[in-house]
Amino acid sequence: MIVFDKVSKSYGDSVVIKELSFMIGKGELFVLIGASGCGKTTTMKMINRLIEPSSGKISIDSQDISFTDPVMLRRDIGYVIQQIGLFPHMTIEQNVALVPKLKNMNPAAYMKRVDELLNMVGLDPTLFKRRYPSELSGGQQQRVGVIRALAADPPIILMDEPFSALDPISREQLQDELTGLQKQIHKTIVFVTHDMDEALKIADRICMLKDGKIIQIGTPHELVNQPQNESVIDFIGRKRLQRNHSAYSGHTGG
Ligand SMILES: Nc1ncnc2c1ncn2[C@@H]1O[C@H](COP(=O)(O)OP(=O)(O)OP(=O)(O)O)[C@@H](O)[C@H]1O
Ligand SMILES: [Mg+2]
C-alpha cells in the first residue's frame, strides 16, 4: 500500500504539489489524470524518489520511503516512461533482463521469464529477442517497455503516459493487454494519463488533479455519476456524461 500524507512540492516560490493525501491499495490500478502541468509526473516521481517532496511523508507498506535507499527502492518499482527508454545498444532480451540481472537473480530463471513475458504481449521470442529497439515498431517498443518494468517482478509499477505515442488502434490494444495482464499479475500500478477515455477504461480508481491539488478521487463509475464540481465535469466532458447517464439506469442529471 502506498500512502501520501500531506505531501507538497515547491520550486522556489511556486508550489506545484499542494498537501496531497491519498492511499493506493495493494493490487490497485490507480490512474492520475489532469491537464498538462497539474503535477502528475511530479507526484509519480516522488514515489520512486526521482523527486523529493518539500514536506509531508510518503510510505510504502508502512515504511517511510525517505529512509529507503533510492537505488534499492527503484529496483522494487518498475517504471515505464513516455519515451519508452529502451537502451538502443542492447538487444530486446538484454533490455528486459536488465533489472533481474542487477538484482542478481538466477540467469536461467530470468531468461525463461523474458520468453514468457514476450509471449504474453504477443511478441515471438525467437523473432524478437536478438533484435535491437530500432528494429521494432513504436508499438512493439512500447510493449517491451511494459514487460521490462515487469521482468524483476516488482510489487509496484509506475507508468507515465506509456501509450501516448501510439495510434488509437495500437493504443486500445495495449490498454486491453494491460488490463488482461493485470488480472493475472495483480500489481499495484500507478498510471498517468491525460486521456479520460483511457482512464475510464483501465482504472480501478481515478485521482483527478488540478493545479497540484486533488479535485476528486473515485471509481470510474463514481466520477461519471457523481462528478464533484465543474472542473471534473469539464474534464469528463458533458457529452460523455449525458451518454453515460443514459447508459447507467437509475442515475439522472449532473
Ligand atoms: N524542475 C522544476 N522546476 C520548476 N518547476 C517545475 C520543475 N519541474 C516541474 N515543474 C513545474 O511543476 C508543475 C507540474 O509539472 P509535472 O511535470 O508534474 O506536470 P504534469 O501533470 O506531468 O504535466 P504533463 O501532462 O504536461 O506531463 C508544472 O507547472 C511544471 O512547470
Ligand atoms: Mg507529465
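Both counts, for ligands and for their atoms, begin at 1 and track the order of listing.
- Heavy-atom distances between Gly39 and ligand 1 reach below 4.0 Å in at least one pair.
- No side-chain donor-acceptor contact under 3.5 Å links Asn48 to the backbone of Arg74.
- For Ser36, a nitrogen or oxygen atom sits less than 3.5 Å from a nitrogen or oxygen atom of ligand 1, counting backbone and side chain alike.
- Lys40 places a side-chain N or O within 3.5 Å of a backbone atom of Ala35 that can act as its donor or acceptor partner.
- In the model, Thr126 has a side-chain atom that pairs as donor or acceptor with a side-chain atom of Asp124 under 3.5 Å.
- Among Glu161, Met44, Lys210, Lys40, the residue whose heavy atom sits closest to atom 21 (O) of ligand 1 is Lys40.
- Under 2.8 Å from the Mg ion (ligand 2) lies no N/O/S atom of Met44, from backbone or side chain alike.
- Those atoms of ligand 1 with a heavy atom of Val16 less than 4.0 angstrom away are 11 (C), 12 (O), 13 (C).
- The CZ atom of Phe191 sits 9.5 Å away from the CG atom of Asp160 when rounded to the nearest 0.5 Å.
- Shown are Met111, Arg113, Met105; of these, the side chain to side chain contact (heavy atoms under 4.5 Å, CB included) with Pro100 is made only by Met105.
- In terms of N/O distances under 3.5 Å, ligand 1 is approached by Gly37.
- Salt-bridge check for Lys201 with Glu198: failed, with every basic side-chain N at 4.0 Å or more from each acidic carboxylate O.
- The proximity of Thr41 to ligand 1, defined as any non-hydrogen pair under 4.0 Å, involves the side chain as well as the backbone.
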